[in-house]
**Student:** 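Below is the structure I would like to discuss, written out as structure tokens.
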Amino acid sequence: MNLIAAVSLLMICSARGFQQNPPTTSTRRLILRAQTSSHPRILSQQTSLFSSTQTNDSKPKTKRRSNKQYNNKKKRKREVDAGKELKNPDEVITWRCYGIDVYPDDLGPSLNIDKRKEKRDGSNVPSERSYLTPPVISSLLSRLKIKSEEATDGLPSILQDARVVRRSLDARRRKGSDPKYTYVIDIDLTRQAARNLGLAPQSGKMEILDDNKLKGQDDDIANNAEDSQAKPRIVIVGAGPAGLFCALSLASSGLCTPILLERGQPVETRGKSIGALIHRRCVDPESNFSFGEGGAGTWSDGKLTTRIGRNSGSVRYVLETLVKYGAPERILVEGAPHLGTDNLVRLLRNMREDLRELGGEIHFGTKATKYLIEDGKIRGVEAECVEVNERTKSKLIDSEVREHESFKTFHGDAVVLATGHSARDVYEELYKAGVELEPKGFAVGFRIEHPQRLINEIQYGKDWGGRVFTKRPSTDSVNTEHFEKLSEGTEESHQGTLPVASYRLATDKAFDGEQNRGAYSFCMCPGGQIVPSSTEEGELCINGMSFSNRDSLWANSALVVTVSQDDPILDKYRSHGCLAGLEFQRDIERKAYELGGMNMTVPVQRLTDYVNSVVSSSIPASSYRLGAISAPLHEIYPKPLYNALSYAITEHFEKQMPGFLFEDALLHGVETRTSSPLRLVRNRTTLQAGGVDNLYPAGEGAGFAGGIVSAAVDGLVVADAIKAKFLTADGDGDGNTFKSSKSIGFDY
């Protein structure tokens with residue numbers, strides 16, 4: 001049979017089912033000869049011949065290049081590059097090295113710096129270098145393929161300098177693996193040295209650092225304080241992170257005079273109000289865990305984590321500013337930094353005094369009650385004032401005794417609203433004034449509390465959980481005894497130490513009986529305590545906090561379920577318009593207050609009883625200092641939210657963290673203020689409120705941030721927008737200056 005006949009026959013057979021019965025090997029050889037033939041009739045039939053009959057076996061195989069060939073090609077390219085003459089071979093450039101791994105045992109038992117002594121030891125070594133210990137340098141040199149014997153006094157001569165940018169703990173439980181610390185390190189070396197080492201940029205592993213990558217707030221703005229006859233006066237309502245950083249930025253520029261109004265007390269007096277709440281159960285509606293200098297974050301864990309990028313210029317600027325005013329330098333390095341309430345108190349006082357020295361005004365005990373809006377433009381605010389006692393570094397002063405002046409008007413060229421999400425009266429006043437508000441999704445739930453030793457065991461395992469030390473003997477002895485019982489009969493094999501364990505849980509498949517909702521842990525406080533965050537009598541909501549050492553016996557976190565702005569569970573509150581979410585929160589907080597006995601006692605339920613809808617017959621100890629009482633928390637929220645949270649706990653969280661569903665895990669009610677249920681409509685270019693000129697919503701309460709750092713960054717961005725507006729010749733501003741400086745990567 002000649003080739004042409006074979007091809008014709010195969011085409012007929014193909015139409016009859018050759019796809020199910022591929023040709024034999026001998027027939028394929030014949031077809032291959034036909035495909036490679038130069039006969040004109042065969043060439044015309046080649047395309048249609050096997051377009052429908054080829055199988056995986058008959059497809060032409062692409063010849064893959066071997067690893068040896070690939071490496072040889074890379075080697076030849078390096079040799080060619082090495083032969084080229086370098087421009088500026090002595091120029092020093094910075095490379096960022098990611099993924100430098102070091103195991104805790106290599107670091108030894110002295111890993112955890114005694115936080116209480118780090119400021120007193122007289123050392124001037126910054127954290128970015130104090131973390132550069134010999135084991136870290138050894139791992140870095142291994143990555144760079146530099147022999148350790150080439151290093152003298154730590155670093156080899158080929159490296160000009162090295163700095164630890166970030167350190168994070170990877171405690172994920174993999175089979176046969178130990179926890180490890182992962183470092184990000186910047187190294188300085190010449191272009192010639194980089195070529196000699198064969199360094200090549202590779203995203204996420206080794207990158208050349210852009211000079212602008214770590215650029216922070218613009219410090220080059222000319223100080224026009226002396227040249228300006230009448231600087232714009234900017235009224236800022238709220239002294240939380242957004243308000244404070246906005247005021248500092250405006251005051252530092254010399255272009256504006258910030259007038260900061262805070263309804264609560266300065267931090268030292270605020271502590272007395274909190275003491276009265278804890279010991280006498282008296283809620284001061286203006287000075288409490290939520291209101292006062294520093295905002296709600298002052299009495300919290302002081303977390304400095306953010307989703308807007310640790311390496312962005314504005315985030316770095318915020319962290320460096322906190323260090324400037326007294327925060328420990330380790331927050332610049334740690335992958336999950338936190339301050340703790342004790343550090344925040346000192347820091348806020350320093351920030352306050354510097355703001356005044358820069359020309360800013362601060363008025364405590366000043367509650368904004370009315371916003372003066374005329375012809376679509378805000379002119380200032382009216383405020384109710386109370387007596388304030390304030391302590392400077394050296395003495396106690398009566399800063400503002402205003403018995404004759406209980407009300408005062410503050411006029412300004414612009415007003416910044418940075419009031420926080422607990423200032424519900426502000427939303428109501430703005431709603432009456434016609435300021436554009438829109439509802440948004442939020443989340444509600446409870447605080448869950450476990451013994452910290454259990455979280456250490458779940459996260460680190462029996463081998464490593466006993467290596468957690470807080471520097472508090474009573475807490476450390478409880479943890480050590482727990483793990484000695486678990487590992488009885490075995491010798492301790494580790495010398496490294498680990499921080500108290502934390503966790504993060506989340507699922508978007510929390511089934512409520514009809515649909516899936518989101519459920520997640522929030523604001524986890526290892527070694528912390530649960531505190532009341534109520535701002536009004538007759539309501540009870542709670543929050544978590546930790547001191548800097550995180551040395552209590554308990555670990556707590558919010559466990560919450562999402563509520564969308566059009567959620568059916570809000571239908572009964574629709575008569576309140578866009579304030580429906582606020583009324584829902586209030587309703588739940590009133591129920592919690594009643595379940596607790598109407599005296600700030602917190603209603604609680606064992607987690608195992610909650611998922612089974614059973615009231616707990618007994619309850620374990622709690623860190624909540626005003627007392628706890630067993631209550632049916634499974635009845636406090638609408639059924640869909642109960643179903644969703646129970647499903648998330650049993651079907652997701654327990655699988656993500658086996659042991660999480662623990663008999664002594666205690667739910668506390670209620671956590672309702674994870675975020676604002678409202679957002680002030682804001683122009684994406686000018687950042688002014690919708691329908692009102694010169695009114696600038698900012699921070700978490702306005703719906704544009706979530707946490708200390710993101711709120712501070714938002715305050716900086718709003719300050720940039722204000723400076724851009726008042727720097728333009730016509731006074732109207734087009735936002736161009738702001739646009740050019742906006743680099744935080746936050747979605748507005």
Side-chain angles (χ1 to χ4, degrees), residues 225 231-270 286-287 290-298 318 321-322 325 344-345 347-369 371-372 378 380-386 388-392 397 399-400 402 405 408-420 423 426 694-702 705 708 711-712 714-723 726:
K231 293 187 292 184
R233 292 171 60 83
I234 311 300
V235 178
I236 301 171
V237 183
L244 283 169
F245 274 83
C246 181
L248 278 171
S249 179
L250 294 174
S252 299
S253 72
L255 303 171
C256 310
T257 299
I259 304 167
L260 188 60
L261 311 182
E262 170 54 51
R263 68 192 297 167
Q265 295 288 321
V267 68
E268 59 272 15
T269 310
R270 184 182 176 190
E286 308 303 340
S287 181
S290 295
F291 296 152
E293 186 176 18
T298 304
V318 168
T321 301
L322 294 175
Y325 290 114
L344 280 164
V345 170
L347 180 155
L348 286 168
R349 187 183 295 174
N350 294 338
M351 190 177 288
R352 174 207 315 166
E353 295 187 0
D354 197 32
L355 180 57
R356 284 189 173 132
E357 290 179 4
L358 290 169
E361 299 179 16
I362 305 177
H363 301 273
F364 293 110
T366 304
K367 176 183 176 182
T369 56
Y371 298 87
L372 307 178
I378 194 162
V381 301
E382 289 183 358
E384 181 179 342
C385 307
V386 299
V388 176
N389 290 323
E390 179 183 340
R391 180 182 292 276
T392 66
I397 61 171
S399 61
E400 295 181 70
R402 297 166 294 194
E405 194 179 25
K408 188 175 181 179
T409 299
F410 294 87
H411 294 285
D413 297 278
V415 173
V416 177
L417 276 177
T419 53
V426 173
N694 296 339
L695 178 61
Y696 293 85
E700 193 167 343
I708 293 174
D714 197 50
L716 293 174
V717 173
V718 166
D720 282 349
I722 292 171
K723 287 182 281 188
F726 290 100

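In this text, all values refer to a predicted model and were calculated from it rather than measured experimentally. Computed over heavy atoms, backbone and side chain alike; hydrogens, waters and symmetry mates excluded.
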**Student:** I need the minimum non-hydrogen distance between Ala698 and Val718, along with the two atoms involved.
**Tutor:** CB-CG2, 3.8 Å
**Student:** Tell me, please, which residues at least two apart from Ser290 pass side-chain hydrogen bond (donor to acceptor under 3.5 Å, both in side chains).
**Tutor:** none
**Student:** Treating Asn694 as the side-chain partner and Asp413 as the backbone partner, does any N or O pair qualify as donor plus acceptor under 3.5 Å?
**Tutor:** yes
**Student:** Between Thr269 and Asn389, is there a donor-acceptor pair closer than 3.5 Å when you use the side chain of the first and the backbone of the second?
**Tutor:** yes
**Student:** Measuring from atom OH of Tyr371 to atom CG of Leu417, what distance do you get when rounded to the nearest 0.5 angstrom?
**Tutor:** 5.0 Å
**Student:** Could you check if a side-chain atom of Leu344 sits within less than 4.5 angstrom of a side-chain atom of Val267, using non-hydrogen atoms only?
**Tutor:** no
**Student:** Show the nearest heavy-atom pair for residues Ala242 and Gly699, with the distance to one decimal.
**Tutor:** CB-CA, 3.7 Å
**Student:** Using 0.5 Å steps for rounding, measure from the CD1 atom of Ile362 to the CD atom of Glu390.
**Tutor:** 7.0 Å
**Student:** Please identify each residue that fulfils salt bridge (charged side-chain N to carboxylate O under 4.0 Å, His left out) with Glu361, with sequence neighbours left out.
**Tutor:** Arg233
**Student:** From Thr257 OG1 over to Leu358 CG, what is the distance, rounded to the nearest 0.5 angstrom?
**Tutor:** 11.0 Å
**Student:** Rounded to the nearest 0.5 Å, what's the gap from CD1 on Ile708 to CZ on Phe245? Could you check?
**Tutor:** 9.5 Å
**Student:** Glu384: which residues meet the side chain to side chain contact (heavy atoms under 4.5 Å, CB included) condition with it, sequence neighbours left out?
**Tutor:** Thr369, Phe407
**Student:** Report yes if the side chains of His363 and Phe410 come closer than 4.5 Å at any heavy-atom pair, otherwise no.
**Tutor:** yes
**Student:** Applying salt bridge (charged side-chain N to carboxylate O under 4.0 Å, His left out), name anything that partners Arg263, two or more places apart in sequence or on another chain.
**Tutor:** Glu286, Asp425
**Student:** Under 3.5 Å, side chain of Glu262 to main-chain N/O of Ala239, donor-acceptor pair present?
**Tutor:** yes
**Student:** Under the rule for salt bridge (charged side-chain N to carboxylate O under 4.0 Å, His left out), what residues qualify as partners of Glu293, not counting sequence neighbours?
**Tutor:** Arg352
**Student:** Taking only residues at least two apart or on different chains, which pairs with a member in residues 245-258 satisfy salt bridge (Lys or Arg N to Asp or Glu O under 4.0 Å)?
**Tutor:** none
**Student:** For Ile236, enumerate each residue passing the side chain to side chain contact (heavy atoms under 4.5 Å, CB included) test, keeping only those at least two apart in sequence or located in another chain.
**Tutor:** Ile234, Cys246, Ala247, Leu250, Pro258, Leu260, Val416
**Student:** I'd like to check the side-chain hydrogen bond (donor to acceptor under 3.5 Å, both in side chains) partners of Tyr325; sequence neighbours left out, ordered by chain and number.
**Tutor:** Asp354
**Student:** CD1/Ile722 to CG/Leu255 distance, rounded to the nearest 0.5 angstrom?
**Tutor:** 11.5 Å
**Student:** State the OG1-NZ distance between Thr419 and Lys367, to the nearest 0.5 angstrom.
**Tutor:** 12.0 Å
